[in-house]
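Values below: every heavy atom of this structure, side chains too, minus hydrogens, waters and symmetry copies. If you're wondering where the values come from, they're calculated on a predicted model, not measured in any experiment.
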Amino acid sequence: MKFVEQSLKQQSEQICKTVEVDVIDHHRTASSLVELEASEDCERDGPDGDGLYIPPLNFSMVDNGIFRSGFPNSANFSFLQTLGLRSIICLCPEPYPEHNMEFLKSNGIRLYQFGIESYKEPFVNIPDDMIREALKVVLDDRNHPILIHCKRGKHRTGCLVGCLRKLQRWCLTSVFDEYQRFAAAKARISDQRFMELFDVSDLRHLPMSFACSKSLFVFVKISLVVRVAFIRRLGKQQKTFTHLKVIVRLI
C-alpha cells in the first residue's frame with residue numbers, strides 16, 4: 001500500500017510542479033491596490049508621473065477570479081499586482097524565470113506548473129492528464145484569483161480554457177469562437193478536435209461557485225425584459241410582444 005501511495009505521489013509530481021510561497025493578505029480591494037501601485041509607479045517614473053499598467057500579451061478575464069494571458073514579464077508585474085493573484089498556472093515546461101519567481105514570492109503567489117510541450121501541426125501531443133489536473137486547480141476557488149498562461153496565451157491556454165467552457169456547458173461553436181479570437185491566424189484544427197473530444201463527465205461533480213453562467217442568464221433575461229418593454233411602448237404587434245414574453249418566462 002505504501003508503495004502504491006508513493007507511486008501516485010511521484011506521478012502527480014511529474015504532472016504538476018507546485019511552488020509554495022508565503023501567504024499574504026489577499027483581502028485588500030482592487031482599488032486600494034491600484035492606488036498603492038499608482039503612487040509607487042509615479043515615484044519610479046520620475047517627475048512626470050507617467051505610471052502605466054501594462055497587461056501581459058493576450059490578457060483577458062475568463063470568469064470571476066480567473067484570467068488568461070501570454071507569459072508575463074517584468075513590465076506586467078505592476079498590473080498583475082492589481083489583480084491580487086493567489087495562484088498562477090504556467091503551461092510551459094521550461095524553468096520559470098528567476099525574476100518571475102521573485103515576483104511570486106514577494107506577492108505570496110503560488111505557482112502550478114504543468115509542463116506541456118509546444119508543438120506545431122501535424123505533430124500533436126496534448127496531454128489529457130495534464131489538462132485534467134490543471135482544470136482541478138482552476139476549479140478550486142481557494143486558488144482564486146488565478147492567472148492561466150503559456151508562451152503566447154493562444155494554444156495551450158486556449159485548450160485549457162476551452163475545456164473549462166465545456167464544463168460550463170458552452171456549445172462547441174462558442175468554445176471555438178473564443179479559441180479562434182485569441183489564436184487568430186494561428187488557430188489549429190488539432191486543438192479544436194482535442195477540445196471537442198475532451199471528456200468532462202468525471203469533473204462535473206466539482207463545484208463551480210465562481211462560474212458566471214448564472215449571471216449570464218440573468219443578463220439575458222434583463223435584456224429581453226427591456227426589449228419587451230420597448231416594443232410594447234412603441235405599440236408593436238401584440239403577437240411579437242407575447243412571443244418575447246414567453247421567452248423571458250422560459251429563462
Worksheet entry | Identified side-chain contact (heavy atoms from CB on, under 4.5 Å) partner of Tyr112 from the options Ile88, Asn143, Val138 | Asn143
Response to the item:
Interatomic distance, CD@Gln192 vs SG@Cys159, rounded to 0.5 Å, equals 9.0 Å
Worksheet item: Does CZ in Arg132 sit with more than 12 non-hydrogen atoms of other residues, nucleotides or ligands closer than 6.0 Å?
Response: yes
Fill in: Least distance between heavy atoms, Cys163 atom then Val200 atom
O-CG1, 4.0 Å
Item to complete: Answer whether the closest heavy-atom distance between the side chains of Asp129 and Phe114 falls below 4.5 Å.
Response: no
Fill in: Reference residue Phe67; test side-chain contact (heavy atoms from CB on, under 4.5 Å); the match among Ile146, Ile148, Leu85
Leu85
Worksheet item: OH of Tyr179 to CZ of Arg165: how many Å apart, nearest 0.5 Å?
Response: 15.5 Å
Worksheet item: Please walk me through it: do Leu203 and Phe198 pass side-chain contact (heavy atoms from CB on, under 4.5 Å)?
Response: CA-CA 11 Å; Leu203 297 171; Phe198 187 82; 4.3 Å; yes
Discussion item. With a 4.5 Å cut-off on side-chain heavy atoms, are Leu164 and Trp170 touching?
Written reply: no
Discussion item. Check this for me, if you would: do Glu133 and Lys136 make a salt bridge, where the nitrogen-to-carboxylate-oxygen distance has to be below 4.0 angstrom?
Written reply: yes
Worksheet item: Between Asn107 and Gln81, is there a donor-acceptor pair closer than 3.5 Å when you use the side chain of the first and the backbone of the second?
Response: no
Worksheet item: In terms of heavy-atom contacts, does CZ of Arg204 have more than 12 from other residues, nucleotides or ligands at under 6.0 Å?
Response: yes
Worksheet item: Looking at His144 and Asn64, what are the two nearest heavy atoms and their distance?
Response: ND1-O, 4.1 Å
Worksheet item: Take atom NZ in Lys166; do more than 12 heavy atoms of anything else shown fall under 6.0 Å from it?
Response: yes
Worksheet item: According to a 4.5 Å side-chain heavy-atom criterion applied to Ile, Leu, Val, Met, Phe, Trp and Tyr, with indirect links allowed, do Leu139 and Ile66 form part of one hydrophobic cluster?
Response: yes
Discussion item. Closer than 3.5 angstrom, by distance alone: can the side chain of Ser106 be matched with the main-chain N or O of Glu102 as a donor-acceptor pair?
Written reply: yes
Worksheet item: Just by modelled atom types, is the Ile116 backbone N or O under 3.5 Å from a matching donor or acceptor in the Arg156 side chain?
Response: yes
Practice prompt. Determine the interplanar angle of the Phe77 and Phe103 rings, folded into 0 to 90°, and report it as parallel if under 30°, tilted if 30 to 60°, perpendicular if over 60°.
Written response: parallel
Discussion item. Are the side chains of Pro145 and Arg86 in contact, using a 4.5 Å heavy-atom criterion?
Written reply: yes
Response to the item:
Shortest non-hydrogen pair, Asp199 vs Ser201, comes out as OD1-OG, 2.8 Å
Discussion item. Please determine whether residues Phe182 and Val161 belong to a single hydrophobic cluster, defined as Ile, Leu, Val, Met, Phe, Trp and Tyr linked transitively by side-chain heavy-atom distances below 4.5 Å.
Written reply: no
Fill in: Distance in Å, Leu160 CG paired with Met130 CE, rounded so as to fall on 0.5 Å steps
12.5 Å
Worksheet item: Are Leu57 and Leu83 connected in the hydrophobic side-chain network, where two residues link if heavy atoms are under 4.5 Å apart?
Response: no
Item to complete: Mind listing the closest non-hydrogen atom pair of Gln180 and Ala187 along with its distance?
Response: CG-CB, 4.2 Å
Worksheet item: How long is the gap from CE on Met61 to CG on Leu147, to the nearest 0.5 Å?
Response: 12.5 Å
Item to complete: Could you check Asn76 against Tyr53 for side chain to side chain donor-acceptor pair (under 3.5 Å), going step by step and ending with a plain yes or no?
Response: CA-CA 7 Å; Asn76 311 132; Tyr53 291 94; over 6 Å; no
Discussion item. Using only atom types and a distance under 3.5 Å, with no angle test, would you say the side chain of His155 pairs donor to acceptor with the backbone of Cys150?
Written reply: no
Item to complete: Output the distance between atom CG (Leu91) and atom CD1 (Ile131), rounded to the nearest 0.5 Å.
Response: 6.0 Å
Worksheet item: Does Pro56 reach the side chain of Asn73, with side-chain heavy atoms less than 4.5 Å apart?
Response: no
Worksheet item: Does Asn58 reach the main-chain N or O of Ser69 with its side chain, forming a donor-acceptor pair under 3.5 Å?
Response: no
Worksheet item: Does the ring of Phe71 carry Lys151 above it, NZ/CZ under 6.0 angstrom from centre and within 45° of its axis?
Response: yes
Practice prompt. Hey, could you give me the OG/CD1 distance between Ser87 and Ile109, rounded to the nearest 0.5 Å?
Written response: 8.5 Å
Worksheet item: What is the minimum heavy-atom distance between Ile89 and Ala134, and which atoms define it?
Response: CD1-O, 3.7 Å
